[in-house]
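Just so we're clear, the structure is a prediction, and the values are computed from it rather than from any experiment.
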Amino acid sequence: MHDFIDLLSRVTPDLLQGTVVTLQIAAISLILGMIVGLPVGIGRVYGPVWLQRLLGAYITLFQGTPLLIQLFTVYYGLPDVGITLGRLQAAFLTLGLNSAAYQAEYLRSALQSVSEGQMVAARAIGMSKWQAIWSVVLPQALRLALPAWSNEAIAMLKYTSVVFLIAVPDLMGQAKILASRYFAPIQIYLIVAVFYIALVGIAYLILTMIERRVRIPGLTGDVG
């Protein structure tokens with residue numbers, strides 16, 4: 001037990017540094033996913049047929065292929081066409097585009113859950129189609145999509161672990177280095193598992209609190 005406590009005291013600073021990188025990757029990827037996913041989700045519902053098919057192909061590509069292949073393609077493949085990204089930039093881009101595909105689908109389901117009468121009523125008082133979407137339908141859809149989005153945010157914390165394979169010093173990357181340094185892989189990976197459980201637990205509590213605060217009484221919908 002004394003040896004474990006001694007090991008814990010020696011590896012904790014490095015694991016905390018890795019935790020900061022993990023949180024940074026998760027946050028930036030979710031934000032990028034939201035920036036891309038929002039117009040993709042709206043286009044999937046209200047865009048012309050050709051655009052809906054094009055966006056559907058993008059979603060199928062990112063949902064239908066392993067995240068690791070996407071990461072390797074971006075990091076090792078893009079230099080072949082003259083685009084070279086750093087390790088962190090490749091992680092942000094890959095996880096962001098992957099998350100956008102899922103966030104777009106959550107938003108699409110939420111948009112379709114809002115009653116058609118809302119759009120009809122907005123158009124009846126003189127709003128254009130896009131004014132009605134932006135001012136009436138989208139605010140409700142975003143709230144309906146929040147529970148599914150929360151699952152995406154929690155999952156993202158775990159998805160980030162793949163980036164250690166391109167030598168990003170995230171939580172998992174630090175664990176690999178420390179396991180080799182101290183020849184104690186089981187103990188260190190168990191400690192890292194506790195770190196991930198703590199991160200997921202904190203994220204769950206924060207997102208649940210946000211969901212309760214923005215919930216619209218009487219407005220429900222099954223999304224995701």
| note | d(Leu67 CG, Leu71 CG) to nearest 0.5 Å is 6.5 Å

| message | Any side-chain to backbone donor/acceptor pair from Ser99 onto Leu95? Under 3.5 Å, distance only. | response | no

| said: Main chain of Ala26, side chain of Ser29: is a donor-acceptor contact present, judged purely on distance under 3.5 Å? | reply: no

| task | Decide if atom OH of Tyr189 counts as having more than 12 heavy atoms of other residues, nucleotides or ligands within a radius under 6.0 Å. | result | yes

| said: Tell me whether the count of non-hydrogen atoms from other residues, nucleotides or ligands lying under 6.0 Å of CG in Leu205 goes above 12. | reply: yes

Tell me, do [X] and [Y] make a side-chain contact under 4.5 Å, heavy atoms counted?
| X | Y | answer |
| --- | --- | --- |
| Tyr76 | Ile166 | yes |
| Leu171 | Val21 | no |
| Gln89 | Tyr75 | no |

| message | Which label fits Tyr106 and Tyr102: parallel for a plane angle under 30°, tilted from 30 to 60°, or perpendicular past 60°? | response | tilted

| message | Pair Ile69, Thr73 - check side-chain contact (heavy atoms from CB on, under 4.5 Å), show working. | response | CA-CA 6 Å; Ile69 290 178; Thr73 300; 4.0 Å; yes

| task | Would you check, one step at a time, whether the test side-chain contact (heavy atoms from CB on, under 4.5 Å) holds for Met119 with Glu116? | result | CA-CA 5 Å; Met119 174 67 81; Glu116 183 66 23; 4.2 Å; yes

| task | For the pair Arg108 and Tyr46, evaluate side-chain contact (heavy atoms from CB on, under 4.5 Å) and give the outcome as yes or no after the intermediate values. | result | CA-CA 10 Å; Arg108 180 186 62 81; Tyr46 297 106; over 6 Å; no

